[in-house]
Amino acid sequence: MSRRFHLQRDHDVTGVSGTGRVAEGVLWTDGTASVRWLGERPSTVHWDDIAHAEHVHGHGGATRIVWDDPEPTDPALYLGSPGCPYCPDGHMPPEHGQPWAAFVGLTRDGDGQPMQIIVARSAGAHVAESDAEWVRARLNGGQP
């Protein structure tokens, strides 16, 4: 089952695409992704791995993937088992595997103070909703 998303740019690092919703995309069932850029010079790009698109266009958290469709919950729809549609051998648990990184985001308040801490897997590894739940639970003292 394919899943729609859009790229939300909070800060235009290059000065080309502007801010807000800058692209729309589809994550295909084989893990590849198509991205349609919006604006004055629209184009369509196909990526073999959505993590590569995020690495190139994410600009360290200035642009993020926002899912327009919910994460599939039926394991029969997943490419891998258990639990992750992008991991043929199953999703790596959040407490194992590649380390996590955290950095201050680019969004600022009226006084110029940072308003976000971005938490991400290092080395371009993807994350799942289960990873977000794991991080939230740790930040909120065990409460989701």
Side-chain angles (χ1 to χ4, degrees), residues 1-109 114-144:
M1 176 175 211
S2 59
R3 189 173 178 206
R4 295 173 303 138
F5 64 89
H6 66 273
L7 298 181
Q8 183 72 28
R9 182 157 288 160
D10 298 318
H11 176 71
D12 188 3
V13 174
T14 64
V16 175
S17 301
T19 58
R21 188 181 188 124
V22 294
E24 298 170 340
V26 176
L27 177 64
W28 302 105
T29 55
D30 64 357
T32 63
S34 298
V35 176
R36 177 70 177 169
W37 290 94
L38 307 172
E40 293 180 23
R41 293 179 286 285
S43 63
T44 304
V45 182
H46 181 77
W47 293 88
D48 289 336
D49 186 328
I50 195 168
H52 298 165
E54 187 173 26
H55 177 77
V56 171
H57 299 293
H59 299 291
T63 303
R64 57 194 154 77
I65 294 173
V66 177
W67 294 104
D68 298 324
D69 293 326
E71 186 172 5
T73 56
D74 180 358
L77 299 175
Y78 292 161
L79 293 174
S81 179
C84 183
Y86 319 111
C87 298
D89 299 323
H91 188 73
M92 179 67 70
E95 67 274 9
H96 294 93
Q98 294 183 343
W100 290 87
F103 52 93
V104 174
L106 299 174
T107 303
R108 306 288 182 197
D109 66 12
M115 295 177 58
Q116 297 175 316
I117 296 175
I118 310 289
V119 177
R121 279 268 171 102
S122 64
H126 74 271
V127 297
E129 184 58 35
S130 59
D131 295 317
E133 291 170 10
W134 182 82
V135 170
R136 276 192 297 273
R138 272 131 195 93
L139 291 174
N140 296 319
Q143 301 298 316

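Keep in mind that the numbers below use all heavy atoms, side chains included, and drop hydrogens, waters and symmetry copies.
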### Query
With sequence neighbours excluded, what pairs up with Ser34 under the side-chain contact (heavy atoms from CB on, under 4.5 Å) test?
Trp28, His46
### Message
Quick one, Leu7 with Ile65, criterion side chain to side chain contact (heavy atoms under 4.5 Å, CB included). Give me CA distance, side-chain angles, the key distance, then yes/no.
### Response
CA-CA 5 Å; Leu7 298 181; Ile65 294 173; 3.7 Å; yes
### Query
Looking only at heavy atoms, which two atoms of Gln116 and Leu106 are closest? And how far apart?
OE1-N, 4.2 Å
### Query
Mind checking whether Met115 and Arg108 have side chains closer than 4.5 Å, heavy atoms only?
no
### Side chains of Thr32 and Asp49 in contact at under 4.5 Å (non-hydrogen atoms)
no
### Query
How many angstroms lie between CZ in Arg64 and CD in Gln8, if you round to the nearest 0.5 Å?
5.0 Å
### Task
Mind listing the closest non-hydrogen atom pair of Ile50 and Trp67 along with its distance?
CD1-CH2, 3.9 Å
### Message
Tell me the closest heavy-atom pair linking Pro42 and Gly39, and the distance in Å.
### Response
CD-O, 3.4 Å
### Message
Tell me every residue that passes side chain to side chain donor-acceptor pair (under 3.5 Å) with Ser2, counting only those two or more places apart in sequence or in another chain.
### Response
none
## Note on the structure
Residues passing the side-chain contact (heavy atoms from CB on, under 4.5 Å) test with Arg4, sequence neighbours excluded, are Val26, Asp68, Asp69
